[in-house]
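Please read all numbers here as calculations on a predicted model, not as lab measurements.
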Amino acid sequence: GDLQRLEVYINGKDVAAAVTDCQLYFDLVGGMWTAKIYFEDSMNLLTTLPIKSGAKVKVKVATKFDSIGDDDKEFEYVVYNITDKVDQNHMQYTYVVHAACKAFLIDQKKRVYKFYEGNAGDAIASITAEFLEASIGDTRTPTGDVRFITPNWTPMSTIAWAAKWADRK
């Protein structure tokens, strides 16, 4: 098949034997990675690891499509929800672990309420550093000027608005 290898770790422990499906998503608009990991668990991993909100998840995949995307990839996430828990019998559960990149979770928890004036790229870099605990790499950032007060928006909403407004000028 196209999938050559799948490794799933939660809090540093290999849980791939209990994983029945692992779906990785990239949000083109928000630029965030999320994952849905489906478990068929007969080892009570929910309490023995434990798997809970805030647990660190690492997914390693290797693909072979004979295209530019072939390679080993590694994704790091944080668990934010566990859903669809069903007792299959007295020794086995199925459930879905929902995880997202750290920036996604930070974005949901923080709000920006500041005045920004000047270069949009500088404002975006400032928001990224201060509120998302990250930095902007070699990307195309808006060069126009902005002047605005953020009304308690999420950091990513503020960044999107600043980039959109700067491009309009």
Side-chain angles (χ1 to χ4, degrees), residues 1-112 124 127-140 152-164:
D2 298 331
L3 183 64
Q4 301 296 311
R5 180 173 42 110
L6 173 65
E7 298 174 19
V8 180
Y9 300 90
I10 296 184
N11 290 332
K13 304 290 183 187
D14 185 356
V15 296
V19 173
T20 60
D21 191 15
C22 182
Q23 301 172 358
L24 309 178
Y25 300 95
F26 181 72
D27 178 359
L28 293 174
V29 175
M32 304 286 182
W33 284 95
T34 58
K36 288 172 71 173
I37 307 168
Y38 294 79
F39 282 83
E40 192 167 301
D41 182 0
S42 60
M43 299 175 283
N44 196 18
L45 296 172
L46 284 174
T47 55
T48 57
L49 283 181
I51 300 174
K52 61 182 183 178
S53 184
K56 295 186 185 316
V57 178
K58 185 180 287 187
V59 177
K60 296 179 179 181
V61 295
T63 57
K64 178 127 178 74
F65 292 104
D66 294 326
S67 74
I68 195 165
D70 285 350
D71 204 358
D72 291 353
K73 306 274 191 278
E74 187 173 306
F75 302 90
E76 293 188 10
Y77 301 101
V78 177
V79 173
Y80 68 87
N81 199 7
I82 299 169
T83 61
D84 302 328
K85 184 177 175 190
V86 177
D87 286 333
Q88 298 299 318
N89 57 50
H90 71 285
M91 297 289 289
Q92 189 168 3
Y93 296 99
T94 58
Y95 50 89
V96 180
V97 171
H98 300 264
C101 64
K102 183 180 174 185
F104 175 84
L105 299 176
I106 291 171
D107 182 60
Q108 299 303 307
K109 293 179 182 179
K110 294 193 176 181
R111 295 294 181 261
V112 180
I124 291 169
I127 294 163
T128 303
E130 183 177 348
F131 294 96
L132 297 178
E133 302 170 18
S135 63
I136 296 177
D138 294 332
T139 60
R140 187 180 72 89
N152 208 28
W153 290 338
T154 66
M156 291 303 290
S157 294
T158 305
I159 289 168
W161 189 89
K164 183 178 176 181

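- Counting heavy atoms from C-beta on, the side chains of Met91 and Ser42 never come closer than 4.5 Å.
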Evaluate the side-chain contact (heavy atoms from CB on, under 4.5 Å) criterion for residues Lys56 and Glu76: first the C-alpha distance (whole Å), next the side-chain angles of each, then the deciding distance (0.1 Å), finally the verdict. CA-CA 7 Å; Lys56 295 186 185 316; Glu76 293 188 10; over 6 Å; no
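- Atom CE in Met156 sits 10.5 Å away from atom CD1 in Ile127 (nearest 0.5 Å).
- Without hydrogens or angle criteria, Asn11 side chain to Pro50 main chain gives a donor-acceptor distance under 3.5 Å.
- Contact record, Cys101 with Tyr77: N-CD2, 3.7 Å, taken as the closest heavy-atom pair.
- For the pair Glu74 and Lys58, the salt-bridge criterion is met [side-chain N within less than 4.0 Å of a carboxylate O].
- Minimum interatomic distance between Val59 and Cys22 (heavy atoms only, all atoms of both residues): CG1-SG, 4.1 Å.
- Each of Val78, Val15, Ile37 was scored for a side-chain contact (heavy atoms from CB on, under 4.5 Å) with Val57, with one residue passing: Ile37.
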Just do the side-chain contact (heavy atoms from CB on, under 4.5 Å) check on Leu45 and Ile10 with the steps written out, would you? CA-CA 10 Å; Leu45 296 172; Ile10 296 184; over 6 Å; no
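- Note that NZ of Lys110 and OG1 of Thr154 are 12.5 Å apart. Values are rounded to the nearest 0.5 Å.
- Closest approach of Pro155 and Leu132 over heavy atoms only: CB-CD2, 3.7 Å.
- Partner of Glu40 under the side-chain contact (heavy atoms from CB on, under 4.5 Å) criterion, out of Asp21, Val19, Thr94: Thr94 alone.
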With side-chain contact (heavy atoms from CB on, under 4.5 Å) as the criterion, how do Gln23 and Tyr38 come out once you've worked through the C-alpha distance, each side chain's angles and the decisive distance to 0.1 Å? CA-CA 8 Å; Gln23 301 172 358; Tyr38 294 79; 3.8 Å; yes
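- Between atom CD1 of residue Ile124 and atom CH2 of residue Trp161 there is a gap of 11.0 Å, rounded to the nearest 0.5 Å.
- Taking the ring centre of Tyr25 as origin, the terminal cationic atom of Lys36 falls outside the region bounded by 6.0 Å and 45° from the ring axis.
- Closest approach of Ala16 to Glu7, counting heavy atoms only: CB-CA, 4.5 Å.
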Step by step, would you call His98 with Thr83 a side-chain contact (heavy atoms from CB on, under 4.5 Å)? CA-CA 8 Å; His98 300 264; Thr83 61; 2.7 Å; yes
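- A parallel orientation is assigned to the rings of Phe39 and Tyr95, their planes being inclined by less than 30° (bins at 30° and 60°).
- Considering all non-hydrogen atoms of both residues, Thr63 and Gln4 come closest at C-CG, 4.1 Å.
- Between Phe104 and Met32, the shortest heavy-atom contact is N-SD, 3.6 Å.
- Looking at Val112 and Glu130, their side chains never come closer than 4.5 Å, going by heavy atoms from C-beta outward.
- Using a 4.5 Å heavy-atom threshold, the side chains of Leu24 and Lys73 count as separate.
- Other residues, nucleotides and ligands contribute at most 12 non-hydrogen atoms within 6.0 Å of the OH atom of Tyr93.
- Between Ile159 and Thr128 the shortest side-chain heavy-atom distance falls below 4.5 Å.
- When side chains are defined from C-beta on, Tyr9 counts as touching Lys60, because their heavy atoms get closer than 4.5 Å.
- Distance check: Phe75 CZ to Phe26 CZ gives 10.0 Å after rounding to the nearest 0.5 Å.
- Gln88 contributes atom CD, which lies 12.0 Å from atom NZ of Lys85 (distance to the nearest 0.5 angstrom).
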